[in-house]
Q: 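Quick one: structure below, then a few questions.
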Amino acid sequence: LAKTTQPISMDSYEGQEVNITCSHNNIATNDYITWYQQFPSQGPRFIIQGYKTKVTNEVASLFIPADRKSSTLSLPRVSLSDTAVYYCLVGDEGDSSYKLIFGSGTRLLVRP
Amino acid sequence: GAVVSQHPSWVICKSGTSVKIECRSLDFQATTMFWYRQFPKQSLMLMATSNEGSKATYEQGVEKDKFLINHASLTLSTLTVTSAHPEDSSFYICSARGPRAADTQYFGPGTRLTVL
């Protein structure tokens, strides 16, 4: 079973900031939190990864509270091309392969 | 980020034939590779995990004799769909990562398999 829960869908408008929150209550000590973006008929594209506190790169920020039971992906000033499915995943350290089990993801629709 | 390639990007075959899909990590050594499949409008489903030089570990419900996985080197894994049938038509995606917990898993572009 996926270890994360996130909203099924979100709507936004061009130029707005979008925050997608993911719940991972059973995150393990060694688990990292990773977010991916997927367009139709393409493989998931890495967005950002973090362990705790805040991580920022050129496309997004990731906020992780101290208890690490949730995380929030922040996309500043979205554009139409950000319409995609966003997945939040935590690695499963159980068998040392850190396999990622995908949940349903969040379908983000950016409107003009 | 690191690059993972897949070949072919799409394939059409007749029912009963076997199809091989290659997954390569182009600029890093992938100690672990994963194979997923995705049906339209659905999420990715993990099929199997393979470590270089070891037998693959299959998820529950995935037939190991039908989906043969080989991870012969640190940069190459192959998935062979044996005796393919129309219900095997799907989007197959591989991913690769290094050995550490902090290593990011990078995904290939996917292979669209259509079995007639």
Side-chain angles (χ1 to χ4, degrees), chain A residues 1-9 22 27-53 55 57-60 62 64 68 84-107 109, chain B residues 1-6 9-10 21 23 25 28 30-52 54-60 62 71 77 90-114:
Chain A
L1 293 177
K3 296 171 66 174
T4 61
T5 304
Q6 49 185 124
I8 295 294
S9 64
C22 178
I27 189 169
T29 303
N30 289 343
D31 286 347
Y32 280 72
I33 301 156
T34 313
W35 285 79
Y36 293 89
Q37 175 193 57
Q38 187 183 29
F39 298 110
S41 297
Q42 294 186 26
R45 183 177 77 99
F46 171 77
I47 302 175
I48 198 166
Q49 178 172 298
Y51 184 80
K52 61 181 178 180
T53 62
V55 181
N57 61 23
E58 61 275 9
V59 297
L62 178 60
I64 305 169
R68 304 201 326 123
V85 179
Y86 292 81
Y87 293 98
C88 159
L89 297 112
V90 299
D92 182 347
E93 65 163 342
D95 60 359
S96 78
S97 66
Y98 303 104
K99 62 185 180 183
L100 298 179
I101 305 299
F102 280 74
S104 57
T106 298
R107 291 186 176 274
L109 174 62
Chain B
V3 179
V4 176
S5 70
Q6 278 184 244
S9 56
W10 60 269
I21 302 170
C23 176
S25 57
F28 69 101
T31 51
T32 307
M33 287 184 166
F34 306 86
W35 286 94
Y36 294 81
R37 106 170 137 177
Q38 186 175 35
F39 294 106
K41 304 286 189 184
Q42 295 186 22
S43 185
L44 284 76
M45 184 192 81
L46 179 65
M47 299 174 67
T49 302
S50 73
N51 292 295
E52 185 261 340
S54 303
K55 288 185 178 180
T57 302
Y58 291 81
E59 295 297 305
Q60 191 172 10
V62 178
H71 190 167
S77 176
S90 187
F91 193 52
Y92 292 86
I93 308 169
C94 73
S95 66
R97 59 166 292 138
R100 301 174 304 145
D103 288 336
T104 300
Q105 191 171 138
Y106 292 98
F107 287 80
T111 297
R112 174 75 59 193
L113 170 64
T114 303

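Throughout, protein chains are lettered first and strands after them, A, B, ... in sequence-line order, and every chain is numbered starting at 1. Every heavy atom of this structure was used, including side-chain atoms; hydrogens, water molecules and symmetry mates were not.
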Q: Could you measure the distance from the OH atom of Y36(B) to the CD1 atom of I101(A)? Nearest 0.5 Å is fine.
A: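 One gets 6.0 Å once the value is rounded to the nearest 0.5 Å.
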Q: At a 4.5 Å cut-off on heavy atoms, which part of Y87(A) comes close to chain B: side chain, backbone, both, or neither?
A: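 For Y87(A), the contact with chain B is made by the side chain alone.
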Q: Between S43(B) and S104(A), what is the shortest heavy-atom contact and its length?
A: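 In this case the closest contact between S43(B) and S104(A) is CB-CA, 4.3 Å.
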Q: How far does OH of Y36(A) sit from CG of L44(B), to the nearest 0.5 angstrom?
A: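 It is 10.5 Å, given to the nearest 0.5 Å.
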Q: Which value, rounded to the nearest 0.5 Å, describes the distance between R100(B) atom CZ and Y32(A) atom OH?
A: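 Here the interatomic distance stands at 8.0 Å.
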Q: Output all residues satisfying side chain to side chain contact (heavy atoms under 4.5 Å, CB included) with E59(B), sequence neighbours left out; order by chain, then residue number.
A: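 Counting only residues at least two positions away or on another chain, E59(B) forms a side chain to side chain contact (heavy atoms under 4.5 Å, CB included) with K99(A), L46(B), V62(B).
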Q: For R107(A), which atoms come within 4.5 Å of any heavy atom of chain B: side chain, backbone, both, or neither?
A: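 For R107(A), the side chain is the part near chain B, not the backbone.
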Q: In Å, rounded to the nearest 0.5 Å, how long is the span from CG of L100(A) to CZ of F107(B)?
A: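 Those atoms lie 5.5 Å apart.
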Q: Which atoms of I93(B) come close to chain A, meaning under 4.5 Å heavy atom to heavy atom: side chain ones, backbone ones, both, or neither?
A: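 The answer is the side chain of I93(B).
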Q: Kindly compute the distance separating CD (Q42(A)) from CD (Q38(B)), expressed to the nearest 0.5 Å.
A: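 Interatomic distance, Q42(A) CD to Q38(B) CD, rounded to 0.5 Å: 11.0 Å.
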Q: Does E52(B) have any side chain to side chain contact (heavy atoms under 4.5 Å, CB included) partners at least two apart in sequence or in another chain, and if so, which?
A: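 Result, side chain to side chain contact (heavy atoms under 4.5 Å, CB included) vs E52(B): H71(B), L74(B).
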